[in-house]
Amino acid sequence: MITEQLYQIFLQHPQVSTDTRKIAPDSIFFALKGANFNANTFAAQALETGAAYAVIDEAAYCISDRFILVDDVLTALQDLARYYRKQLNIPVIGLTGSNGKTTTKELINSVLSRKFKTYATKGNLNNHIGVPLTLLAISRGTEIAIIEMGANHQQEIAFLCNIAQPTHGLITNIGRAHLEGFGGPEGVKKGKGELFDFLEQSAGTVFVNHDDLILEEMAFHRHFKQVVYYGKDETNVVSGEILENVPLLKIQWQANKANQAPKNEVQTQLTGSYNFDNILAAICIGHHFKLSAEQINSGISRYQPENSRSQIVQTKTNTLICDYYNANPSSMEVAIKNMEAITANKKVLILGDMFELGEHSSAEHELIIKKANEIEADQRIFIGKGFYEHHASFTDTFFETTDAAFMALKTAPVTGATVLVKGSRGMHLETLLELL
Ligand SMILES: CC(=O)N[C@H]1[C@@H](OP(=O)(O)OP(=O)(O)OC[C@H]2O[C@@H](n3ccc(=O)[nH]c3=O)[C@H](O)[C@@H]2O)O[C@H](CO)[C@@H](O)[C@@H]1O[C@H](C)C(=O)N[C@@H](C)C(=O)N[C@H](CCC(=O)N[C@@H](CCC[C@@H](N)C(=O)O)C(=O)O)C(=O)O
Ligand SMILES: Nc1ncnc2c1ncn2[C@@H]1O[C@H](COP(=O)(O)OP(=O)(O)OP(=O)(O)O)[C@@H](O)[C@H]1O
Ligand SMILES: C[C@@H](N)C(=O)N[C@H](C)C(=O)O
């Protein structure tokens, strides 16, 4: 079936399901294949449990006209999303970067939704499946969409841009994340730069952090229709500075200094000086879309991080900075620097291995141990094989596994401290929480 026909069906049934355990009534079920299951086998069940149609790619399962047979279900999903996107005549803000995508996306959404009907990527649905699902969930009447794009290899952002067709774009930063798939730091720059390439070719608008030399250079070498700069310097369209970080950030910002615009102060629910850039990006985008300072401040101050991203948790015995949703050398470094900046009687670092670093893994883990030793801390606990490899060269505490750390913390608990808990998701550092 060609995409136009599928689109006509989608107009009648504008909801998509991919899991028979969560079928939306009257939706179109896309039978994807995964590591465990071939969802063609669930297509009939999807119809029985409320789906209107099932898109499949194996003829053997096509037993009535409610089955839509295509060559490849994933491609059909992506093509439908691209086709639907083209019908939406709205600004689409594409967002990528090594760190801070989800936080910045949530902040932008929180700000823009003070004035517009917005739709933003849910959670982290940012890949070749997540972006199409996000686009197809945009309801008619939406005025601005904010689409997060993730990648761990070259050409992935180009592919996602081709589907989402952003009119505006932001790269949060270029860091040392997913080095394995991108082929090193230069590869990350190239891969994330595919968003800038798309916006250059399509005469879009980019928002650029002027304090970030890499991003500034990437913007400088391209010819954009419009570049909107933000940063600490008052010559930027939006400028700002941190007023407090104790541990929540309070910031001051100003738009168009030249026009003698007033300064604004906003108390945020975010910790970590690195979040300053994320916040300023959202303010800049709010200003670009002509929100008032009150609307912008309201959007920023209301946003409360969730899901273990820089989340402050007060337990009976400690103040925890829970940051174990992910970890890479860049985000580890800024999280350690933030521990140095905050005021606390006792500071403890619990750091877990960083994944997907390939040949850079050993050196990057060693570097993080050194960085952690450059700041004042009462205890430094490193967990995982990547860190453990270097245990003989340092006097800190090392465990090969999270289970081993669990047993040790059970007998010698950490108390009365501000504790940074950060590591890759696969380290499952959340299992330590009950002891902290
Ligand atoms: C296809 C699918 O949805 N997969 C999810 C599934 O994985 P699995 O391979 O185990 O699939 P199954 O074999 O179990 O099932 C196949 C399909 O059958 C359906 N089904 C199954 C049983 C049943 O009874 N009924 C059924 O209908 C089932 O629903 C499947 O459709 O389960 C996993 C665990 O829950 C999911 O993780 C998996 O999701 C995959 C990975 C996915 O891509 N989901 C996207 C919606 C998404 O956006 N996920 C994001 C993660 C994004 C991410 O990691 N981003 C990276 C960068 C991008 C890297 C990129 N190259 C990549 O490959 O992802 C980043 O750094 O930000 C998320 O969930 O957060
Ligand atoms: N601007 C930033 N610079 C460096 N590190 C950051 C920045 N913003 C957030 N981080 C770090 O990255 C962690 C994850 O944040 P967030 O989920 O927003 O990033 P992400 O890029 O969306 O990651 P993912 O795609 O894996 O969800 C934070 O908890 C924090 O440690
Ligand atoms: C969760 C996934 N998107 C990711 O960021 N993985 C890295 C390697 C991590 O978990 O730290």
Side-chain angles (χ1 to χ4, degrees), residues 16-23 29-43 45-46 49 51 54 73-74 77 95-107 121-134 148-157 159-160 171-182 191-192 209 211-212 270-281 305-311 321-338 352-357 420-429:
V16 165
S17 297
T18 58
D19 192 332
T20 46
R21 292 159 293 194
K22 292 177 279 184
I23 289 288
F29 176 75
F30 281 79
L32 296 169
K33 294 187 173 94
N36 305 300
F37 299 105
N38 168 4
N40 279 274
T41 62
F42 300 119
Q45 189 189 333
T49 49
V73 170
L74 176 58
L77 178 74
L95 183 86
T96 190
S98 300
N99 291 301
K101 293 181 292 298
T102 302
T103 308
T104 308
K105 176 255 303 176
E106 294 293 344
L107 282 164
T121 301
K122 300 279 178 236
N124 199 39
L125 298 183
N126 66 15
N127 68 5
H128 58 292
I129 304 171
V131 168
L133 290 178
T134 300
E148 178 178 329
M149 301 182 193
N152 59 7
H153 59 265
Q154 303 296 339
Q155 289 304 314
E156 205 168 357
I157 296 295
F159 182 75
L160 298 178
I171 301 178
T172 55
N173 46 53
I174 303 293
R176 302 195 308 282
H178 299 304
L179 292 177
E180 188 171 24
F182 277 117
K192 299 290 180 184
N209 182 351
D211 298 331
D212 188 315
L270 291 160
T271 188
S273 43
Y274 48 86
N275 271 312
F276 169 74
D277 290 338
N278 305 339
I279 295 163
L280 209 59
E306 287 173 349
N307 300 331
S308 322
R309 294 171 169 101
S310 312
Q311 207 178 343
I321 301 178
C322 295
D323 201 2
Y324 40 77
Y325 178 77
N326 65 15
N328 54 61
S330 310
S331 67
M332 274 286 195
E333 206 174 319
V334 291
I336 292 167
K337 279 207 181 109
N338 185 56
D353 270 4
M354 304 168 289
F355 293 176
E356 291 190 37
L357 296 177
L420 170 67
V421 191
K422 182 161 179 72
S424 273
R425 189 148 54 149
M427 288 303 296
H428 297 295
L429 296 187

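Every heavy atom of this structure was used, including side-chain atoms; hydrogens, water molecules and symmetry mates were not. Note that ligands are numbered from 1 as they come in the structure, with each ligand's atoms numbered from 1 the same way. In this text the structure is predicted, and so the values were computed from the model without any measurement.
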With a 4.5 Å limit on heavy-atom distance, are the side chains of [X] and [Y] in contact?
X      : Y      : result
Lys337 : Ser273 : no
Ser424 : Asp353 : no
Thr103 : Ser310 : no
Tyr324 : Met427 : no
Asn209 : Leu280 : no
Leu107 : Leu270 : yes
Arg425 : Asn326 : no

Summary of salt bridge (charged side-chain N to carboxylate O under 4.0 Å, His left out) pairs that have at least one residue in residues 322-332, sequence neighbours excluded:
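Sorted pair list: Asp323-Lys422.
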Nitrogen or oxygen contacts under 3.5 Å, ligand 1 side and protein side:
unit_1: ligand 1; atom_1: 9 (O); unit_2: Ala35; atom_2: N; d: 2.7
unit_1: ligand 1; atom_1: 10 (O); unit_2: Asn36; atom_2: ND2; d: 2.8
unit_1: ligand 1; atom_1: 13 (O); unit_2: Ala35; atom_2: N; d: 3.3
unit_1: ligand 1; atom_1: 13 (O); unit_2: Asn36; atom_2: N; d: 2.7
unit_1: ligand 1; atom_1: 13 (O); unit_2: Phe37; atom_2: N; d: 2.6
unit_1: ligand 1; atom_1: 14 (O); unit_2: Asn36; atom_2: ND2; d: 3.4
unit_1: ligand 1; atom_1: 25 (N); unit_2: Thr20; atom_2: OG1; d: 2.6
unit_1: ligand 1; atom_1: 27 (O); unit_2: Thr20; atom_2: N; d: 2.9
unit_1: ligand 1; atom_1: 27 (O); unit_2: Thr20; atom_2: OG1; d: 3.3
unit_1: ligand 1; atom_1: 29 (O); unit_2: Thr18; atom_2: O; d: 3.0
unit_1: ligand 1; atom_1: 29 (O); unit_2: Asp19; atom_2: OD2; d: 3.4
unit_1: ligand 1; atom_1: 31 (O); unit_2: Thr18; atom_2: O; d: 3.1
unit_1: ligand 1; atom_1: 43 (O); unit_2: Asn127; atom_2: ND2; d: 2.7
unit_1: ligand 1; atom_1: 48 (O); unit_2: Asn126; atom_2: N; d: 3.4
unit_1: ligand 1; atom_1: 48 (O); unit_2: Asn127; atom_2: OD1; d: 2.9
unit_1: ligand 1; atom_1: 55 (N); unit_2: Asn126; atom_2: OD1; d: 2.8
unit_1: ligand 1; atom_1: 61 (N); unit_2: Asn152; atom_2: OD1; d: 2.8
unit_1: ligand 1; atom_1: 61 (N); unit_2: Glu156; atom_2: OE1; d: 3.3
unit_1: ligand 1; atom_1: 61 (N); unit_2: Glu156; atom_2: OE2; d: 2.5
unit_1: ligand 1; atom_1: 64 (O); unit_2: Asn127; atom_2: ND2; d: 2.8
unit_1: ligand 1; atom_1: 66 (O); unit_2: His178; atom_2: NE2; d: 2.9
unit_1: ligand 1; atom_1: 67 (O); unit_2: Asn126; atom_2: ND2; d: 2.8

Under the side-chain contact (heavy atoms from CB on, under 4.5 Å) rule, what do Met354 and Arg176 come out as? Steps first, then yes or no, please.
CA-CA 11 Å; Met354 304 168 289; Arg176 302 195 308 282; over 6 Å; no
I need the single residue from Val16, Ile129, Leu133, Asp19 that forms a side-chain contact (heavy atoms from CB on, under 4.5 Å) with Phe30. Which is it?
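Going through Val16, Ile129, Leu133, Asp19 one by one, the side-chain contact (heavy atoms from CB on, under 4.5 Å) with Phe30 is satisfied by Val16 alone.
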Would Asn124 and Tyr325 count as a side-chain contact (heavy atoms from CB on, under 4.5 Å) here? Give the steps.
CA-CA 11 Å; Asn124 199 39; Tyr325 178 77; 2.8 Å; yes
If we check side-chain hydrogen bond (donor to acceptor under 3.5 Å, both in side chains) with Glu148, which of these qualifies: Thr102, Asn127, Thr104, Thr134?
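Only match with Glu148 under side-chain hydrogen bond (donor to acceptor under 3.5 Å, both in side chains): Thr102.
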Applying a heavy-atom distance cut-off of 4.0 Å, which protein residues contact ligand 3?
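Residues within 4.0 Å of ligand 3: Asn326, Ala327, Phe355, Glu356, Ser424, Arg425.
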Between ligand 2 and the protein, tabulate every N or O atom pair separated by less than 3.5 Å, reporting distance only.
unit_1: ligand 2; atom_1: 1 (N); unit_2: Asn173; atom_2: ND2; d: 3.3
unit_1: ligand 2; atom_1: 1 (N); unit_2: Tyr274; atom_2: O; d: 3.4
unit_1: ligand 2; atom_1: 1 (N); unit_2: Asn278; atom_2: OD1; d: 3.1
unit_1: ligand 2; atom_1: 3 (N); unit_2: Asn173; atom_2: ND2; d: 3.3
unit_1: ligand 2; atom_1: 8 (N); unit_2: Asn278; atom_2: ND2; d: 2.9
unit_1: ligand 2; atom_1: 17 (O); unit_2: Arg309; atom_2: NE; d: 2.3
unit_1: ligand 2; atom_1: 18 (O); unit_2: Thr102; atom_2: N; d: 3.3
unit_1: ligand 2; atom_1: 18 (O); unit_2: Thr103; atom_2: N; d: 2.8
unit_1: ligand 2; atom_1: 18 (O); unit_2: Thr103; atom_2: OG1; d: 2.6
unit_1: ligand 2; atom_1: 19 (O); unit_2: Gly100; atom_2: N; d: 2.9
unit_1: ligand 2; atom_1: 21 (O); unit_2: Gly100; atom_2: N; d: 3.1
unit_1: ligand 2; atom_1: 21 (O); unit_2: Lys101; atom_2: N; d: 3.0
unit_1: ligand 2; atom_1: 21 (O); unit_2: Lys101; atom_2: NZ; d: 2.9
unit_1: ligand 2; atom_1: 22 (O); unit_2: Lys101; atom_2: N; d: 3.4
unit_1: ligand 2; atom_1: 22 (O); unit_2: Thr102; atom_2: N; d: 2.7
unit_1: ligand 2; atom_1: 22 (O); unit_2: Thr102; atom_2: OG1; d: 2.7
unit_1: ligand 2; atom_1: 23 (O); unit_2: Asn326; atom_2: ND2; d: 2.9
unit_1: ligand 2; atom_1: 25 (O); unit_2: Lys101; atom_2: NZ; d: 3.2
unit_1: ligand 2; atom_1: 25 (O); unit_2: Asn124; atom_2: OD1; d: 3.4
unit_1: ligand 2; atom_1: 26 (O); unit_2: Asn326; atom_2: ND2; d: 2.7
unit_1: ligand 2; atom_1: 27 (O); unit_2: Thr102; atom_2: OG1; d: 3.3
unit_1: ligand 2; atom_1: 27 (O); unit_2: Asn124; atom_2: OD1; d: 2.9
unit_1: ligand 2; atom_1: 27 (O); unit_2: Arg309; atom_2: NH2; d: 3.2
unit_1: ligand 2; atom_1: 29 (O); unit_2: Ser310; atom_2: N; d: 3.4
unit_1: ligand 2; atom_1: 29 (O); unit_2: Ser310; atom_2: OG; d: 3.2
unit_1: ligand 2; atom_1: 29 (O); unit_2: Asp323; atom_2: OD1; d: 2.2
unit_1: ligand 2; atom_1: 29 (O); unit_2: Asp323; atom_2: OD2; d: 3.3
unit_1: ligand 2; atom_1: 31 (O); unit_2: Asp323; atom_2: OD1; d: 3.2
unit_1: ligand 2; atom_1: 31 (O); unit_2: Asp323; atom_2: OD2; d: 2.4
unit_1: ligand 2; atom_1: 31 (O); unit_2: Lys422; atom_2: NZ; d: 3.0

Ignoring hydrogens and angles, state whether a donor on the side chain of Asp212 or Asn173 is under 3.5 Å from an acceptor on the partner side chain.
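Judged by distance alone, the side chains do not pair up.
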